[in-house]
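Structure first, then comments.
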Number of protein chains: 2
Amino acid sequence: MLSTERQPSGEGGNASVRVTLKDIAQKAGVSMMTVSNVINGNSARVSPATIERIQRIVVELGYVPSHSARSLAAKSSRMVGVLVPAADEESLTISPHNVAIIGQLERELRKRAYDVLLRGIARPGEVAEALRAWNLDGALLLGFLDEEIATFTASSAGRTRIVAVDSYADNPVTRGVRTDDATGGRLAAEHLRALGHVDVVFAGPRFAGQGVVWQRFQGFKEALGGDCAVEAANTTYDDGVALGRRLRTDHPSATAVFATADILAIGVVAGLQETGARVPDDVSVMGFDDLDLCRYVRPTLTTIAQDLPAKAATAVAMLIGEIERDEEPPGPATLDVRLVERGSTGPAR
Amino acid sequence: MLSTERQPSGEGGNASVRVTLKDIAQKAGVSMMTVSNVINGNSARVSPATIERIQRIVVELGYVPSHSARSLAAKSSRMVGVLVPAADEESLTISPHNVAIIGQLERELRKRAYDVLLRGIARPGEVAEALRAWNLDGALLLGFLDEEIATFTASSAGRTRIVAVDSYADNPVTRGVRTDDATGGRLAAEHLRALGHVDVVFAGPRFAGQGVVWQRFQGFKEALGGDCAVEAANTTYDDGVALGRRLRTDHPSATAVFATADILAIGVVAGLQETGARVPDDVSVMGFDDLDLCRYVRPTLTTIAQDLPAKAATAVAMLIGEIERDEEPPGPATLDVRLVERGSTGPAR
DNA sequence: CTGAAAGCGCTAACAA
DNA sequence: TTGTTAGCGCTTTCAG
């Protein structure tokens, strides 16, 4: 993975002080501007010969541009913020789902030569603050609630672009990228119906007229064709277990559960099993996300899969599009979902 | 989590242009330096009255300091790099273990008012490069192999501090933080011995005379008192499954497996179960790390727990200590481990 | 195609 | 306790 390669410092004679544009310019006998243009690939304005010479010297001296200086002098910093919610000071427990995304985002951004500032956000104002403090070219919001996003204000410069992942918020300063949650809900309902389930429970975080969970519920309920019970539960294993334990008491006739997150579904299965219920023979359970986790548990978890890498790539593409090509803020992007059948769902009893 | 709070911009009359130190200074009728001192908490050099007045104006105008400018003018940027390995351009799949740590690191650093640059590293030179490009005060290395770390060179400024997590490398420019891997191996061996296991298999990534895995093996073998088979396997579920499937063919007399990672152990269990073996009745399996995952699978996984939050906190404390107090680079830090008994280990058959 | 001047927003080192 | 003078390293004009 890492090639064995020496740092080219200490060859040009100068090893321990910062090599600046000026140094390069002097050694090459040209002005700083010419060097700057070469570094930034403005090859249109420099003769091929000079380019070649300068590039050699750059390598020879081990020149590394100062992004701080560039950021100060120019409009752009080539750095974007990846912003995640942070409950005050405590527990920046990035959710497994977000965690998976962060890696992808970093990769996509690095490919395009952008650096990433990772930062937890505790107060709404911190978004604009972070943006301005480092002169960020843009920001990616991860895992915020729509209500929170609505309170974010743009950087006063007005040039800062913001893309929110998994958001339906209609904040004018943000664009959204999300999976097709409504269709996900619908697929889940259709799957359960096809297996003969009629009396089912929907489990997920409390929702109210907006947001990811609400979308999933809408699609689910509609495709179900009938009514369904709703159980509020946080997206955690333990909440799932608690629900699973009392499910057959509180919903004696229910034969299936659709949870809005895999981790929650897995908890439900565990809770059910504790009470002696068999999954899927007595109760079917399905989740949402298709984390790796789904394959590790027994029974393996039937779920609605979303394409994380694609979501990350789309979010980055949108952001960069706005930043570099000053594109019209496109409408929100919606990514496909698909049903993944595994062992936790079966015919209604 | 997020308090409802307005951005204080647009009250001072000026809303959309950058508010600078100079603006504050003018409005307060003092010099920029005085304002600078107030902002940076150099209260010793300013009269209480002035402090109070300046602070009011700062809030009123919604001033946000430019970190780029500060980073350029001062020695320090108050930003540290969190550096993870990145297989060339492709698949920056940050491992679950590292990912869990990143959140903790960010939290610890933010508490101390440091920002985080998250960056994948594909070539050794990129470490020093990233450090210098943003004038980073330091860096945290996550999940690199000891051989890789040995090739990293310091920033030429010489002031940059580097702490490597999970490393035993003796690179003069880095300090290490890790869990007590040897003791972890020992605890595992003692646990299995106490249950009567004699013929056991050690499974983990290939190692050779150094590194985390080697340490675990040393402790394990020594406490075992006898010989043990070694199976090379990557730290993935699928490699675990493969090993589990052929375990009873290749090691017919083995009654226990110690894997150097939970995810690997869980795969081994699944592979074994596929062949009809019962865990732990026929074969006991244990892992290392104590990820949440261990509670989700059946049987639940016996493992060696390491304290991730403590590891992150220690790494940050070491780094900040070197940065701010210019402390003597302390020796490497080693954190405690403990055995967590769950359902995947039992008496030898 | 190349260069000179001016300044981005801030802080170090002195003076006063 | 406060102000002044210099830059940090780069990019943006605008002239050659």
Side-chain angles (χ1 to χ4, degrees), chain A residues 17-54 58 61-79 129 131-137 155-157 159, chain B residues 17-54 58 61-79 129 131-137 155-157 159:
Chain A
V17 259
R18 206 177 214 309
V19 180
T20 73
L21 258 199
K22 205 202 273 178
D23 298 331
I24 309 283
Q26 276 172 355
K27 181 141 183 166
V30 297
S31 84
M32 285 174 54
M33 265 324 294
T34 305
V35 180
S36 175
N37 281 124
V38 171
I39 300 282
N40 296 21
N42 261 347
S43 33
R45 303 190 193 171
V46 189
S47 77
T50 330
I51 292 187
E52 216 279 311
R53 185 158 41 96
I54 290 181
V58 162
L61 260 48
Y63 170 70
V64 177
S66 161
H67 288 187
S68 323
R70 193 217 297 289
S71 167
L72 182 58
K75 278 296 192 197
S76 153
S77 62
R78 287 205 86 81
M79 174 151 79
E129 211 171 289
L131 252 22
R132 282 174 37 183
W134 286 105
N135 216 271
L136 299 182
D137 289 351
S155 148
S156 40
R159 276 199 44 76
Chain B
V17 258
R18 205 174 217 307
V19 180
T20 75
L21 257 199
K22 204 202 276 178
D23 299 329
I24 309 283
Q26 278 173 351
K27 181 140 181 168
V30 296
S31 84
M32 285 173 56
M33 267 324 291
T34 304
V35 181
S36 173
N37 281 124
V38 171
I39 301 283
N40 294 22
N42 261 346
S43 32
R45 303 189 192 170
V46 189
S47 79
T50 332
I51 292 187
E52 215 279 313
R53 185 158 44 97
I54 291 181
V58 162
L61 260 48
Y63 170 70
V64 177
S66 162
H67 288 186
S68 323
R70 185 210 308 255
S71 166
L72 183 57
K75 278 296 192 201
S76 152
S77 62
R78 288 205 84 82
M79 174 151 81
E129 211 172 288
L131 251 23
R132 282 175 35 182
W134 285 105
N135 217 273
L136 299 183
D137 289 349
S155 149
S156 40
R159 276 198 44 76

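Residue numbers start from 1 in every chain, and the chains themselves are labelled A, B, ... in the order their sequence lines are given, proteins ahead of strands. Just so you know, these numbers come straight off a predicted model, no measurement behind them.
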ask   = How long is the line joining NZ of B:Lys75 and C1' of C:dC10, in whole Å?
value = 15 Å
query = So what does A:Thr50 touch, heavy atoms closer than 4.0 Å: a base, only the sugar-phosphate, or nothing?
reply = sugar-phosphate
ask   = Hey, is the side chain of B:Ser66 poking within less than 4.0 Å of OP1 or OP2 on C:dG9, counting only N and O atoms?
value = no
ask   = Within this structure, what is the NZ-to-P distance between A:Lys22 and C:dA5, rounded to whole angstrom?
value = 13 Å
ask   = Closest to the A:Ser36 side chain: C:dC10, D:dT11, C:dG3?
value = D:dT11
query = How close do B:Thr20 and B:Asp23 get, heavy atom to heavy atom, and via which atoms?
reply = N-OD2, 2.8 Å
task = Might you point out which heavy atoms bring B:Asn135 and B:Lys75 nearest each other, and give the distance in Å?
result = OD1-O, 2.9 Å
Candidate pair A:Leu21 and A:Ile39, rule side chain to side chain contact (heavy atoms under 4.5 Å, CB included), full reasoning = CA-CA 9 Å; A:Leu21 258 199; A:Ile39 300 282; 4.3 Å; yes
task = For A:Met79, check side chain to side chain contact (heavy atoms under 4.5 Å, CB included) against everything at least two apart and list the hits.
result = A:Ser77, A:Asp115, A:Leu117, A:Trp134, A:Leu136, B:Met79, B:Leu117, B:Trp134
inquiry  = Go nucleotide by nucleotide along DNA chain D from the 5' end; which of B:Met32 and A:Tyr63 gets its closest nucleotide reached first?
reply    = B:Met32
Inter-axis angle, terminal five-pair segments of the helix from C:dC1-D:dG16 to C:dA16-D:dT1 [nearest 10°] = 30°
inquiry  = Tell me the interatomic distance from A:Arg53, atom CZ, to C:dT2, atom P, rounded to whole angstroms.
reply    = 9 Å
key: Rounded interatomic separation in angstrom, taking CG from A:Leu72 and C1' from C:dC8   = 4 Å
task = State which of C:dA12, D:dT2, D:dG9 makes the closest approach to the side chain of B:Ala74.
result = C:dA12
message = Rounding to an integer number of Å, can you tell me how far B:Ile24 CD1 sits from C:dC10 C1'?
response = 13 Å
request  = Would you kindly give the CG-to-P distance between B:Asn40 and C:dG9, to the nearest whole Å?
outcome  = 17 Å
key: Expected output: side-chain B:Arg78 to main-chain B:His67 donor-acceptor under 3.5 Å   = no
Presence of B:Ser68 side-chain N/O under 4.0 Å of C:dG9 phosphate oxygens OP1/OP2 = no
request  = State which of C:dG3, C:dC1, C:dT11 makes the closest approach to the side chain of A:Ser31.
outcome  = C:dG3
inquiry  = Going by the rule side-chain hydrogen bond (donor to acceptor under 3.5 Å, both in side chains), which residues pair with B:Thr50 if we only count those two or more places apart in sequence or in a different chain?
reply    = B:Ser47
ask   = Taking all atoms of both residues into account, what is the closest heavy-atom pair of B:Arg132 and A:Val19, and its distance?
value = NH2-N, 4.4 Å
ask   = What integer distance in Å separates B:Leu21:CG from C:dG7:P?
value = 18 Å
note = Closest non-hydrogen contact found for B:Arg18 with B:Ser66 is NH2-CB, 4.0 Å
task = Starting at atom CE of B:Met33, determine the distance to atom P of C:dA15, rounded to an integer number of angstrom.
result = 16 Å
query = Where the side chain of A:Arg70 is defined as all heavy atoms beyond and including C-beta, which of D:dC10, D:dT1, C:dC10 is the nearest nucleotide?
reply = D:dC10
task = Give a yes/no answer on whether the side chain of A:Ser71 brings an N or O atom under 4.0 Å of OP1 or OP2 in C:dC8.
result = no
inquiry  = Below the 4.0 Å mark, does C:dT2 have OP1 or OP2 next to a side-chain nitrogen or oxygen of A:Asn37?
reply    = no
note = Quick note, A:Pro65 side chain, CB onward, closest among D:dT12, D:dT11, D:dC10 is D:dC10
